[in-house]
Amino acid sequence: MPLILYNSLTRSKEAFQPVIPGQVRMYCCGVTVYDYCHLGHARSYVVWDVIRRYLQWRGYQVRYVQNYTDIDDKILKRAAETGQDWQRITQIYIQAYQEDMARLNILPADLYPQATASMPAILDLIEALVTEGYAYAAAGDVYYAVEKFPRYGQLSGRSLDQDSAGSSGRLGDGDQKKQHPLDFALWKAAKPGEPSWESPWGAGRPGWHIECSAMVKVCLGAEIDIHAGGSDLVFPHHENEIAQSEVISQRPLARYWMHNGFVNVGGEKMSKSLDNFTTIRQLLDTPLEVLEGEKLDPMALRLFVLQAHYRKPIDFTEDAIVAAQQSWQTLKEGLLFGYDHGLQLGWPDAQDPDFGDPSSMRISKIDEPMQRFQSAMDDDFNSPGALVDFI
RNA sequence: GGCGGCAUAGCCAAGUGGUAAGGCAGGGGCCUGCAAAGCCUUUACCCCCAGUUCGAAUCUGGUGCCGCCUCCA
């Protein structure tokens, strides 16, 4: 039975075939570290954690890389608002991110590259793009010329003509310097007082998209297997990454593009701008009335996420939280019972010296429930289907 | 407007052409001195309208909702 996954690039399910048989190189777009993570982030990283673990369980050797965007307008804004050094801000929220993820039982990535530590690779890539004629300098900025890349729009399914009409109403800073409305900044000239790095175009800092192209290349190579992130990254972020990387490497940036659905509140996307978000630590640390004063178990939050298919939206409601907490209780009691009494009952799993160690789970793959588990997960990581036998 | 996704009971959700799993919540019951826990039991013409088919929740078209198109997981 092959592993099937939905590829955003082709908008269809495909059999998974990594570039190098038996190995998976996976890159996941991480967070911009200027604030605490909310449930949307929790969902995303739980999902990719499970997919990564499943691939490992399936026998693949997985190398998983996730970046931190640690230089960005929002970080500088936050620094200005709080009167703290911008590097202090990124330090605080990287720490917080790691704590939150650990609580959610998310395995650490093999590598966490940071934009500010990747300047040579970023500058190399921008220089190559300028040299090859895909980018142009304009008053200290450097922009990518989207019209030079014929396949621009392939991932997000849009054409340059449509978008130039649609975006004409909102020209932002620097848009006058662009040759096409969708051209995007690879390098931004430093404004007075801003942190900056030296470049052939003057002091400045990288645009958002270029760091991922550069770090993927450095950490995983020219053509990776899976590039993952939230659906909101499809355009422009991932579209731009493709444009930047593929004209230089002449190879696909990633074979499979995967995007997770959002966490909704009252039918709307949870987001900062709508001010309808709950942070992970807020949810986990606050005694909840609906749980009769108990706190939500982090594993129940994980279960809440996995009870929905990763591409579908999930609604964050009190009912769902209560149900997840209850289901986790039941599941946990079952697991503890097995752990405490499995040996006396003669369960074969309990004979395993690593029994109970989650990092070395070895469940027989021949049982019928495990067959159902595997065929559900093999079908585009259908975790709700896979959990059927366990809850 | 362009592109994409989703539509199954109060809530979550399985199901991929042959007359609807499961969980949570709710109802009823067993047990108990009472309660909790536990156990048993109970709750669906699969949004609607057309079409394809001997037969559709499952396929096609319409419809409704959501997301992206500006920073966003």
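Proteins get letters first, then strands, A, B, ... in listed order; numbering begins at 1 in each.
A straight line from CD of A/Gln325 to C1' of B/rC11 spans 16 Å, rounded to a whole angstrom. In this structure, the CG atom of A/Asp379 is 11 Å from the P atom of B/rA14, given to the nearest Å. In this structure, A/Tyr152 atom OH and B/rC3 atom C1' are separated by 14 Å, rounded to whole Å. Distance A/Phe316 CZ to B/rA73 P: 18 Å, rounded to the nearest Å. Atom CG of A/Asn260 is separated from atom C1' of B/rG4 by 15 Å (rounded to the nearest Å).
Transitive grouping of hydrophobic side chains (ILVMFWY, heavy atoms separated by less than 4.5 Å) keeps A/Val218 and A/Val216 in distinct clusters. Under the 4.5 Å side-chain heavy-atom criterion for ILVMFWY residues, a single connected hydrophobic cluster contains both A/Ile106 and A/Ile94.
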Write out a two-atom table: protein N or O, nucleotide N or O from nucleotides 20-22 of chain B, distance below 3.5 Å.
none

Scan nucleotides 65-67 of chain B against the protein and return all N/O pairs shorter than 3.5 Å with their distances rounded to 0.1 Å.
{"residue": "B/rC66", "atom": "O3'", "partner": "A/Gly267", "partner atom": "O", "Å": "3.4"}

Please write out each protein N/O paired with an N/O of nucleotides 24-31 of chain B under 3.5 Å, distance rounded to 0.1 Å.
{"residue": "B/rA25", "atom": "OP1", "partner": "A/Gln326", "partner atom": "NE2", "Å": "3.1"}

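In this structure, A/Gly261 reaches the bases: a heavy-atom distance under 4.0 Å links it to at least one base atom across the strands shown. Looking at heavy-atom distances under 4.0 Å, A/Asn382 makes contact with sugar-phosphate atoms alone, never a base. Contact annotation for A/Gly40: base contact, defined as any heavy-atom pair under 4.0 Å involving a base atom. Residue contacts shown for A/His38 include a base, since a base heavy atom lies under 4.0 Å away. If you check every strand for non-hydrogen atoms under 4.0 Å, A/Tyr45 touches sugar and phosphate atoms only. Within the 4.0 angstrom heavy-atom criterion, no nucleotide atom of any strand lies near A/Val47.
Pairs of residues two or more places apart, or lying in two chains, never qualify as salt bridge (Lys or Arg N to Asp or Glu O under 4.0 Å) while including a residue from residues 234-243 of chain A. Evaluation of the salt bridge (Lys or Arg N to Asp or Glu O under 4.0 Å) test over residues 115-134 of chain A, restricted to residues two or more places apart or in two chains, returns none.
Relative orientation of the A/Tyr152 and A/Phe235 rings is perpendicular, given thresholds of 30° and 60° on the angle between their planes. Relative ring orientation between A/His227 and A/Tyr27 is described as tilted, the plane-to-plane angle lying within the 30° to 60° band.
For B/rC6, its base never sits under 3.5 Å from the side chain of A/Lys312 at any donor and acceptor pair.
Residues passing the ring pair (Phe, Tyr, Trp, His ring centres under 6.0 Å) test with A/Tyr93, sequence neighbours excluded: A/Tyr36.
The residue from A/Lys191, A/Lys188, A/Lys177, A/Arg205 that alone fulfils the salt bridge (charged side-chain N to carboxylate O under 4.0 Å, His left out) condition with A/Asp141 is A/Lys177. For the pairing with A/Glu246, the salt bridge (charged side-chain N to carboxylate O under 4.0 Å, His left out) check across A/Arg251, A/Lys148, A/Arg151 returns one residue only, A/Arg151.
Judged by Watson-Crick or G-U wobble contacts below 3.5 Å, the nucleotide B/rU52 has no partner. For B/rU19, there is no paired nucleotide, since no Watson-Crick or G-U wobble pair has both relevant distances below 3.5 Å. A 3.5 Å limit on both hydrogen-bonding distances identifies no Watson-Crick or G-U partner for B/rA57. Checking B/rC46 for Watson-Crick or G-U wobble geometry (two distances, each under 3.5 Å) identifies no partner in any strand.
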Before giving the answer on ring-ring contact (aromatic ring centres under 6.0 Å, His included), spell out for A/Trp57 and A/Phe373 the whole-Å C-alpha distance, their side-chain angles and the decisive distance to 0.1 Å.
-> CA-CA 12 Å; A/Trp57 184 75; A/Phe373 170 82; 5.4 Å; yes

Run the numbers on A/Asn260 and A/Arg311 for side chain to side chain contact (heavy atoms under 4.5 Å, CB included), then give the verdict. CA-CA 5 Å; A/Asn260 68 276; A/Arg311 284 191 287 125; over 6 Å; no

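The shortest distance between the side-chain N/O atoms of A/Tyr6 and the OP1/OP2 oxygens of B/rG5 is below 4.0 Å.
Taking the six-membered ring where the residue is Trp, the centroids of A/His238 and A/His209 are separated by 6.0 Å or more.
Each of A/Lys272 and A/Arg11 lies near RNA chain B, and the nucleotide nearest A/Arg11 is the one positioned closer to the 5' end.
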